[in-house]
Amino acid sequence: MGIRIFFFAIALGLVGAGLWAYRHDEELRKNAFQVTLGDPNEVVRLLLGDPTSEGTCGSLTPVPKGCSYEYVYRYWYSVFQPQYEVVWFDKSGKVLGEQHVKAP
């Protein structure tokens with residue numbers, strides 16, 4: 001009986017994680033189009049949430065001129081071909097651009 005409950009809990013956790021990833025990716029895909037040039041980083045965080053990673057420019061893509069730092073958002077539901085949204089910022093914290101990236 002205990003083994004059944006254990007495997008049921010694991011199956012339920014996997015289904016829950018899959019549903020969370022799907023919902024997260026749909027929200028990210030929908031809100032990424034709302035990011036516009038010149039938006040401050042606070043607006044980007046309101047639209048897209050906390051980035052998966054943030055740091056210096058060029059972690060996934062060529063660096064646009066004037067880039068100071070970037071936010072990288074991962075699509076969690078794309079396991080076999082990872083996808084990302086990359087948002088670049090200038091020194092004053094304004095959006096320089098945004099790009100959807102698919103890993104090879």
Side-chain angles (χ1 to χ4, degrees):
M1 181 71 173
I3 294 175
R4 284 187 196 176
I5 293 172
F6 174 75
F7 283 114
F8 181 74
I10 288 179
L12 189 61
L14 290 173
V15 169
L19 290 173
W20 175 85
Y22 180 78
R23 185 173 187 282
H24 170 270
D25 290 359
E26 285 300 312
E27 289 291 316
L28 182 58
R29 188 173 289 110
K30 180 180 75 171
N31 291 337
F33 290 108
Q34 297 180 19
V35 174
T36 58
L37 296 177
D39 281 347
N41 62 1
E42 293 85 9
V43 171
V44 174
R45 282 185 181 264
L46 283 174
L47 288 172
L48 304 180
D50 291 331
T52 307
S53 68
E54 58 184 287
T56 58
C57 299
S59 64
L60 293 174
T61 60
V63 180
K65 186 176 182 176
C67 183
S68 179
Y69 63 99
E70 69 183 11
Y71 288 171
V72 176
Y73 294 90
R74 177 162 194 213
Y75 286 93
W76 292 103
Y77 204 69
S78 58
V79 176
F80 299 110
Q81 185 179 19
Q83 299 180 36
Y84 307 90
E85 291 292 335
V86 182
V87 183
W88 302 290
F89 297 93
D90 62 11
K91 290 180 184 177
S92 64
K94 306 289 184 187
V95 173
L96 283 175
E98 180 261 337
Q99 183 178 6
H100 181 84
V101 178
K102 288 184 182 182

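Because only heavy atoms are used, hydrogens play no part in the values below, and waters and symmetry mates are left out as well, while side chains stay in. In this text the structure is predicted, and so the values were computed from the model without any measurement. Residues: numbered from 1 along the sequence shown.
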For [X], what residues pass the side-chain hydrogen bond (donor to acceptor under 3.5 Å, both in side chains) criterion, not counting sequence neighbours?
X: H100; answer: Q83, E85
X: T56; answer: none
X: R23; answer: none
X: S59; answer: E70

Suppose the criterion is disulfide (SG to SG under 2.5 Å): which pairs have a residue in [range], not counting sequence neighbours?
range: residues 22-54; value: none
range: residues 12-48; value: none
range: residues 6-60; value: C57-C67

Identify the two heavy atoms, one from V87 and one from E98, that lie closest to each other, and give their separation to 0.1 Å.
CG2-CG, 3.8 Å
With A21, which residues qualify under side chain to side chain contact (heavy atoms under 4.5 Å, CB included), at least two apart?
W76, Y77
List in chain and number order the residues that pass side chain to side chain contact (heavy atoms under 4.5 Å, CB included) with I3, two or more places apart in sequence or in another chain; answer none if no residue qualifies.
F7
Got a list of side-chain donor-acceptor pairs under 3.5 Å for residues 28-38, not counting sequence neighbours?
{"unit_1": "R29", "atom_1": "NH1", "unit_2": "E26", "atom_2": "OE2", "d": "2.9"}
{"unit_1": "N31", "atom_1": "ND2", "unit_2": "E27", "atom_2": "O", "d": "3.4"}
{"unit_1": "N31", "atom_1": "ND2", "unit_2": "L47", "atom_2": "O", "d": "2.9"}
{"unit_1": "T36", "atom_1": "OG1", "unit_2": "D39", "atom_2": "OD1", "d": "3.0"}
{"unit_1": "T36", "atom_1": "OG1", "unit_2": "D39", "atom_2": "OD2", "d": "3.1"}

What's in the same ILVMFWY side-chain cluster as V86, cut-off under 4.5 Å, chained through other members?
L60, V72, Y84, W88, L96, V101
Between CG of N41 and CG of D90, what distance do you get to the nearest 0.5 Å?
10.0 Å
Salt bridge (charged side-chain N to carboxylate O under 4.0 Å, His left out): pairs with one or both residues in residues 47-57, sequence neighbours excluded:
R45-D50, R45-E54
Classify the angle between the aromatic ring planes of H24 and W20 as parallel (below 30°), tilted (30 to 60°) or perpendicular (above 60°).
parallel
